[in-house]
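Here is the structure we will look at.
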Amino acid sequence: MQILADRLRQNYPDCCLGELSEEMNLKRPLFYQSGTEFKKNKVYIAREADVTAQLLQSHGDNLILVVGEGYRPGVRPLPGVCFFPEETSAETLFNTVQRIFDTYDAWDERMQSMALSERTLKKLLDASYRIFHNPIMVSTSGGFIIDYSTMMDTMPEFQQILQHNQVAAAQAKNTPSGEESVQRYVDPATQKKHLFAEIYDRNHNAYRVILVESSRKFRYYDEYLLVHLAKYIQQMLEKYTVLQSDLSYTLDRLLSNILTGESMEAASLAARFESFHWEESHWYFCMTIHVSTVDRQNLTVVRFICNRLEGLMKGSCAFLLDENIVVCVNLQHYGKTMEEAVGAAKEFLKDSYLKAGISYAFTGLGKLKQYYLQSRIALEEGMKRFPLRWVMRFEDIALDYLLGRCTEKLEPEAVCSRPVLELREYDRAHKTEYYETLRTYITCQMNAVKAAKELFIHRSTFLYRMNHIRDLVHMDLEDPDQLLYLLLTYRLLEQGPYSDSDSHSS
């Protein structure tokens with residue numbers, strides 16, 4: 001009744017309302033016909049001439065909207081009764097009530113559909129904006145933000161909590177599991193009022209649905225709608241965090257044991273994976289995800305992330321290993337390409353501020369550990385080189401990784417080609433550009449015309465330089481191994497603290 005009355009006031013600001021029930025039990029409106037009995041839980045549009053005072057006093061749990069001369073501004077009618085001026089069109093009033101029901105019915109149907117679909121939690125929250133006109137967050141009871149309304153990305157006051165993925169966790173009252181209760185608090189970071197409803201997981205309050213007073217002042221009925229929304233959010237969360245079977249836990253342990261060093265013969269390995277239908281001929285890839293210390297300590301958060309990823313990439317197994325979450329994906333079970341699998345997880349990773357390293361795809365269960373290490377290296381090196389990326393692939397850092405291995409015991413200059421180093425020193429002493437000329441020539445695949453254009457010099461000048469280079473240092477540019485060595489030398493000299501801006505004159 002309160003929801004309906006509030007919406008009616010927007011269209012009929014002069015209506016007079018009696019005391020209204022807080023139960024959410026009203027059914028679609030009817031025109032009242034004189035002499036008939038009231039049904040239960042209905043909205044009736046009635047003309048004053050068709051109802052008596054006694055009838056209005058005994059209408060039960062209905063809401064009666066009366067049009068007629070009995071309208072008295074400032075005089076409060078009976079409970080569950082609302083009076084409208086005589087000039088109000090009863091037919092228009094009926095249509096207005098119908099549209100209000102349509103709005104909430106459409107929202108409810110959409111929530112049902114989205115809770116059962118593969119849609120993201122964010123889309124469900126965004127679809128509720130027309131009802132609440134305020135942003136909504138879903139967090140764990142400890143304050144880790146699982147998802148939130150898209151509109152918050154554009155609101156400066158929320159950037160700090162979104163950046164840290166953490167909202168203040170107000171102390172909840174002791175409420176029995178399953179009991180519908182909405183609580184209020186003021187967030188110390190934003191100084192905004194919050195309403196939150198608890199969501200229980202195996203009799204423990206594991207999650208919260210939080211409504212923030214931002215775009216519009218809270219309505220007194222928002223808490224009832226929030227409890228209603230929480231039921232659909234719980235359905236969606238249950239899909240993400242459904243308890244795994246003992247079989248899945250066994251797969252977790254099996255993969256964990258392999259990745260932490262347990263060695264097994266190929267035959268034994270195949271037999272142990274057989275019960276999970278993971279076969280030697282299947283294609284796989286590994287993903288390693290960085291998890292903060294705070295998140296690792298919250299098992300509810302870790303379980304949510306693992307199960308959400310398993311839901312996004314069917315045929316995968318995710319688990320906490322050391323300081324990261326590891327995901328092993330069986331592409332045969334997923335039924336799509338590796339690119340599609342990574343794409344399916346990327347939006348969730350970005351929304352959750354999680355960064356991931358990705359291995360190459362591979363076959364052969366005995367190679368799991370190698371490709372897990374590959375994904376871990378991709379994450380660790382990728383976070384250094386590409387701090388703004390959410391997904392780092394091993395192929396993007398493979399060359400730098402190789403170069404790094406070359407110089408683990410020797411500094412780059414001790415590994416590099418002597419002729420290249422000699423050219424660099426000659427340039428410093430004589431103000432020439434032979435070091436850069438040779439680099440351009442070999443990177444242009446020994447195409448003299450292209451190299452001359454890159455250097456902005458005439459072809460004859462370029463050929464003169466190359467002849468002089470051959471006189472200064474001995475090297476065989478027809479030897480593929482020599483060319484590879486030269487290219488690696490230039491790469492080593494030009495990266496990190498060993499780069500030399502004075503290696504050639506300008």
Side-chain angles (χ1 to χ4, degrees), residues 288 290 324 355-360 369-389 391-448 450-457 462 464-506:
T288 299
H290 174 69
N324 301 307
K355 296 193 173 185
I358 310 293
S359 76
Y360 288 128
K369 187 172 182 178
Q370 285 295 305
Y371 285 91
Y372 153 66
L373 292 173
Q374 198 182 75
S375 68
R376 184 167 175 171
I377 291 167
L379 175 64
E380 293 169 356
E381 296 300 316
M383 288 176 69
K384 297 174 189 174
R385 290 172 170 78
F386 313 111
L388 300 180
R389 291 189 188 179
V391 172
M392 281 76 70
R393 301 170 188 271
F394 183 76
E395 61 198 70
D396 296 332
I397 60 93
L399 180 57
D400 287 337
Y401 175 69
L402 280 173
L403 294 172
R405 299 289 288 185
C406 293
T407 55
E408 281 186 345
K409 296 182 179 180
L410 294 173
E411 290 189 356
E413 291 197 21
V415 179
C416 290
S417 164
R418 293 296 95 188
V420 173
L421 294 177
E422 289 173 18
L423 287 177
R424 187 175 67 170
E425 292 305 313
Y426 187 89
D427 282 352
R428 285 173 174 169
H430 299 86
K431 305 299 181 184
T432 53
E433 299 181 14
Y434 296 144
Y435 175 94
E436 179 64 16
T437 299
L438 178 60
R439 187 195 68 81
T440 305
Y441 184 49
I442 59 178
T443 54
C444 288
Q445 299 176 319
M446 295 182 293
N447 183 318
K450 185 176 179 182
K453 288 182 179 178
E454 289 281 335
L455 292 167
F456 298 102
I457 59 176
F462 172 78
Y464 169 80
R465 286 187 187 178
M466 287 303 302
N467 286 332
H468 201 181
I469 288 170
R470 290 186 178 94
D471 292 337
L472 289 171
V473 294
H474 176 71
M475 63 182 79
D476 183 3
L477 297 183
E478 300 297 323
D479 183 355
D481 290 341
Q482 184 73 241
L483 281 174
L484 176 60
Y485 187 26
L486 292 174
L487 284 167
L488 290 175
T489 292
Y490 275 106
R491 185 63 176 258
L492 283 169
L493 291 174
E494 292 169 3
Q495 72 174 182
Y498 302 101
S499 61
D500 188 351
S501 59
D502 297 326
S503 61
H504 57 278
S505 57
S506 59

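Smallest separation of non-hydrogen atoms from Tyr434 and Asp427: N-OD1, 3.0 Å. Taking both residues in full, the closest heavy atoms of Thr440 and Ala451 are given as CG2-O, 3.8 Å, listed atom of the first, atom of the second, then distance. Of all the heavy atoms in Val415 and Cys406, the pair that sits closest is CG2-O, 3.8 Å. Nearest heavy-atom pair, Asn324 versus His290, reported as atom, atom and distance to 0.1 Å: OD1-CA, 3.6 Å. Here the closest non-hydrogen pair linking Met392 and Ala378 is CB-O, 3.5 Å. In plain terms, the two heavy atoms of Glu494 and Arg439 that are nearest each other are OE2-CD, 3.0 Å.
One finds a salt bridge joining Arg376 and Glu380 here, because a Lys/Arg side-chain nitrogen approaches an Asp/Glu carboxylate oxygen to under 4.0 Å. Arg424 and Glu436 are not joined by a salt bridge, as no carboxylate oxygen comes within less than 4.0 angstrom of a charged side-chain nitrogen. Salt-bridge formation is detected for the pair Glu381/Arg385: a Lys NZ or Arg NE/NH1/NH2 atom is positioned less than 4.0 Å from an Asp or Glu carboxylate oxygen.
Taking the side chain as every heavy atom from C-beta outward, Asp396 and Arg389 approach each other to under 4.5 Å. Using a 4.5 Å heavy-atom cutoff, the side chains of Met466 and Leu477 are in contact. Taking the side chain as every heavy atom from C-beta outward, Ser375 and Ile358 never approach each other to under 4.5 Å. Side-chain contact between Asn447 and Tyr441 is absent, with no heavy atoms from C-beta onward closer than 4.5 Å.
With rounding to the nearest 0.5 angstrom, the CG atom of Leu487 is 11.0 Å from the OG atom of Ser417. Note that CD1 of Ile457 is 5.5 Å distant from OG1 of Thr437, once rounded to the nearest 0.5 Å. A distance of 10.5 Å separates OG1 in Thr489 from CD in Glu413, rounded to the nearest 0.5 Å. Note that the OG1 atom of Thr288 and the CG atom of Leu379 stand 6.5 Å from one another [nearest 0.5 Å]. Rounded to the nearest 0.5 angstrom, Glu433 CD and Ile469 CD1 are separated by 10.5 Å. Interatomic distance, Ile377 CD1 to Tyr372 OH, rounded to the nearest 0.5 Å: 10.0 Å.
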- Glu454 vs Lys450, salt bridge (charged side-chain N to carboxylate O under 4.0 Å, His left out): CA-CA, chis, key distance, verdict: CA-CA 6 Å; Glu454 289 281 335; Lys450 185 176 179 182; 5.7 Å; no
- Task: Go through the steps to decide whether Lys355 and Val391 satisfy the test side-chain contact (heavy atoms from CB on, under 4.5 Å), and finish with yes or no.
- Result: CA-CA 6 Å; Lys355 296 193 173 185; Val391 172; over 6 Å; no
- Query: Can you list the steps and then say if Arg470 with Asn467 is a side-chain contact (heavy atoms from CB on, under 4.5 Å)?
  - Reply: CA-CA 5 Å; Arg470 290 186 178 94; Asn467 286 332; 3.8 Å; yes
- Test Leu421 against Val473 for side-chain contact (heavy atoms from CB on, under 4.5 Å), laying out the working first. CA-CA 10 Å; Leu421 294 177; Val473 294; over 6 Å; no
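With Phe462 as the aromatic partner, Arg465 does not meet the cation-pi criteria of under 6.0 angstrom to the ring centre and within 45 degrees of the ring axis.
Note: Phe394 and Tyr360 meet the aromatic proximity criterion, with ring centroids under 6.0 Å apart. Ring-centre distance between Tyr435 and Tyr426: not below the 6.0 Å cut-off.
Ring pair His468/Tyr464 is tilted by interplanar angle, where 30° to 60° counts as tilted.
Surrounding CD of Gln370 are at most 12 heavy atoms belonging to other residues, nucleotides or ligands under 6.0 Å away.
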